[in-house]
Amino acid sequence: MNICIIGAGYVGLTTAAVLAELGHEVHCIDHDERKIRLLNNGEVPFYEPGLEELIVKNYNYLTFSGRWDYIKRAAVVVICVGTPPRPDGGTDLSYIEAVLDRLAATIESYKTIVTKSTVPPGTNEWMRAELIRKGVKPQLFRIVSNPEFLREGSAVYDMFHPNKIVVGLEPDDDQSLTVVQAMYAGINAPYVTTSLAGAELIKYASNAFLATKISFINEMARICDAFSVDVNDVARGIGLDPRIGPHFLQAGLGYGGSCFPKDIKSLEYVARSRQVEPYLLQAVQTVNDTQLDVCFQKLNEQLAPLTDKKIAVLGIAFKPNTDDTRFSPAEALIRRLSENGCTVAAYDPKATLSEPLAHVTQVQSVHEAIQGADVLVIATDWDEFRTLDWPQVKAAMNGTLVFDGRNCLDRHAVEQSGLRYMGVGCP
Ligand code: UDX
Ligand code: UDX
């Protein structure tokens, strides 16, 4: 099929590359000229494992521009533009609106319009009404909600191996499911078909539930601290129950990224807009918002006074295998240390600090970061930090404390080198 992707971000670009690999003719439109220039030079404007290779491999089927007339040739239009949070917690749909304006000015033949951006329930119905209000004939298009569940850092793998494909359809739409199945032909996954709002809520509920697991284990970590129990034992114990499952039970600095924080706020916002009190969603956010305080307090107890202490922080990205620092707990910790007068040497294999911070230097290696450090903090669980040479680390540091803010290290190996290990919820 001839497919047009709007928005060349993490979701849009991965979708474009995967669909081209499946054999479709794909054109990706983005209003960011710099991004388009880079992509036409075979460069991906952000780090995502395997994505650049997949784009280069499919160059014959994949093109990039800022030109909307490409829409005319496409049978399917996939919307992947940003849906950033509003200050009041709602979702900013202005980019979606901008896309609708362009589509209304361009559509002349039948299109299946697929929304992949994460949008609040009711948005796809509103988009249909808006297109008709802007003059598009109702018989010239169908709207489909097809939320994406890929994770940054494993986006390409996740898109080739989804655990489900969710398709939200208009009530009387008996043709778009076939179109979506043709689009994903070659990807083996169960289809979940539902209404437009059903699909929108499946996406929100997924992210909200995963975040709830994280806040649950972080709260358990606080209780474990009070009883000198290792939260990792608790996570392992409860995770063996298939009704609970072992995933997303890693205690640490809390969840971040471009999705969980904004999607849970948005779900809370829409619940309130319908007079539904979101007790649980609020609690999930309260635990996450205070997790940094808990971790900072632990450091303060060990190192007070913090001022003038030299702290090596390994990790800036919100999670490993990405350069994305949007709502990064690691960066929030670095900011907090800076505000408390600490001297910080921060290192990340791919990510860059999103703003200059007082007394904070971003260095180019672990070796540089740990020189003379009073404490070493693991803030993002990159693999390279799990296998450090701990005797060497001890020799380079001034202090002996390792704070594992992601509970990802082999505690035994750290302590064998004579360093002191402190985790989250580990006695
Ligand atoms: C986006 C949404 O933000 C998220 O809610 C959804 O879950 C998945 O898609 P992401 O791909 O990470 O997430 O967004 P981002 O990396 O910000 O990419 C959006 C792209 O759309 C950017 O490249 C931006 O330049 C482009 N864009 C935005 C347009 O081309 N036109 C617009 O009008 C607005
Ligand atoms: C998430 C969802 O997983 C994905 O399905 C959706 O499409 C987009 O949002 P992503 O934001 O890329 O993906 O990252 P994810 O791997 O889910 O991690 C989110 C945050 O939770 C990270 O900050 C991570 O460090 C944290 N996390 C994750 C924990 O603190 N503990 C865990 O056990 C798992």
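Hydrogens, waters and symmetry mates play no part in the numbers below; they use all other heavy atoms, side chains included. We count residues from 1, following the sequence as given. Please read these numbers as outputs of a predicted model, since none were measured by experiment. Remember, it's 1-based here, ligands and their atoms both numbered in the order they're listed.
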Looking at ligand 2, would [X] count as a contact under a 4.0 Å heavy-atom criterion?
X: Cys259; value: yes
X: His247; value: no
X: Gly256; value: yes

- Judging by distance only, is a nitrogen or oxygen of Phe318 under 3.5 angstrom from one on ligand 2?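 Yes, Phe318 has an N/O under 3.5 Å of an N/O on ligand 2.
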- Query: Looking at Tyr255, which atoms of ligand 2 are within less than 4.0 Å of one of its heavy atoms?
  - Reply: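 Listed by number with element, the hits are 20 (C), 21 (O), 23 (O), 26 (C).
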Answer yes or no for [X]: is there a heavy-atom contact with ligand 1 below 4.0 Å?
X: His31; result: yes
X: Lys262; result: yes
X: Val99; result: no

Hey, does [X] come in under 3.5 Å of ligand 1, counting only N/O atoms on both sides?
X: Ser117; result: no
X: Asp30; result: yes
X: Thr118; result: yes

- Task: Would you check if there is a donor-acceptor pair between the side chains of Ser117 and Glu148 at a distance under 3.5 Å?
- Result: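 No donor-acceptor contact under 3.5 Å links the two side chains.
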- Query: Is the closest side-chain donor-acceptor distance between Asn288 and Ser215 under 3.5 Å?
  - Reply: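 No - no donor-acceptor pair under 3.5 Å links their side chains.
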Would you tell me which option among [options] has the nearest heavy-atom contact to [atom]?
atom: atom 1 (C) of ligand 2; options: Phe260, Phe149, Phe327; value: Phe260
atom: atom 14 (O) of ligand 2; options: Arg151, Glu148, Arg326, Lys319; value: Lys319
atom: atom 32 (C) of ligand 2; options: Gln250, Glu152, Arg406, Lys213; value: Gln250

Which residue holds the protein heavy atom closest to [atom], what is that atom called, and what is the gap in Å?
atom: atom 29 (C) of ligand 2; result: Ile214 CD1, 3.7 Å
atom: atom 7 (O) of ligand 2; result: Leu150 O, 2.7 Å
atom: atom 34 (C) of ligand 2; result: Phe248 CD2, 3.6 Å

- Task: May I have the step-by-step check of salt bridge (charged side-chain N to carboxylate O under 4.0 Å, His left out) for Lys57 and Glu21, ending in yes or no?
- Result: CA-CA 8 Å; Lys57 178 173 178 250; Glu21 174 71 7; 2.6 Å; yes
- Query: Mind checking whether Tyr255 and Phe260 have parallel, tilted or perpendicular rings, split at 30° and 60°?
  - Reply: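 Ring orientation of Tyr255 relative to Phe260: perpendicular.
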- Do other residues, nucleotides or ligands put more than 12 heavy atoms under 6.0 Å from the CG atom of Asn188?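 Open.
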- Task: Run the numbers for me: atoms of ligand 1, each under 4.0 Å from some heavy atom of Val11, listed by number.
- Result: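 Going through ligand 1 atom by atom, the ones under 4.0 Å from Val11 are 8 (C), 9 (O), 11 (O).
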- Task: Compute the ring centroids of Phe46 and Tyr10, then answer whether they are less than 6.0 Å apart.
- Result: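 Here the rings of Tyr10 and Phe46 have centres that are less than 6.0 Å from each other.
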- Report the distance from atom CD1 of Ile36 to atom SG of Cys28, rounding to the nearest 0.5 Å.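 Ile36 CD1 to Cys28 SG: 6.5 Å, rounded to 0.5 Å.
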- Task: Report yes if the side chains of Glu384 and Val366 come closer than 4.5 Å at any heavy-atom pair, otherwise no.
- Result: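 Yes; the side chains approach each other to less than 4.5 Å.
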- How far apart are the closest heavy atoms of Thr380 and Lys319, and which atoms are they?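 Where Thr380 meets Lys319 most closely, the heavy atoms are CG2-C, 3.3 Å.
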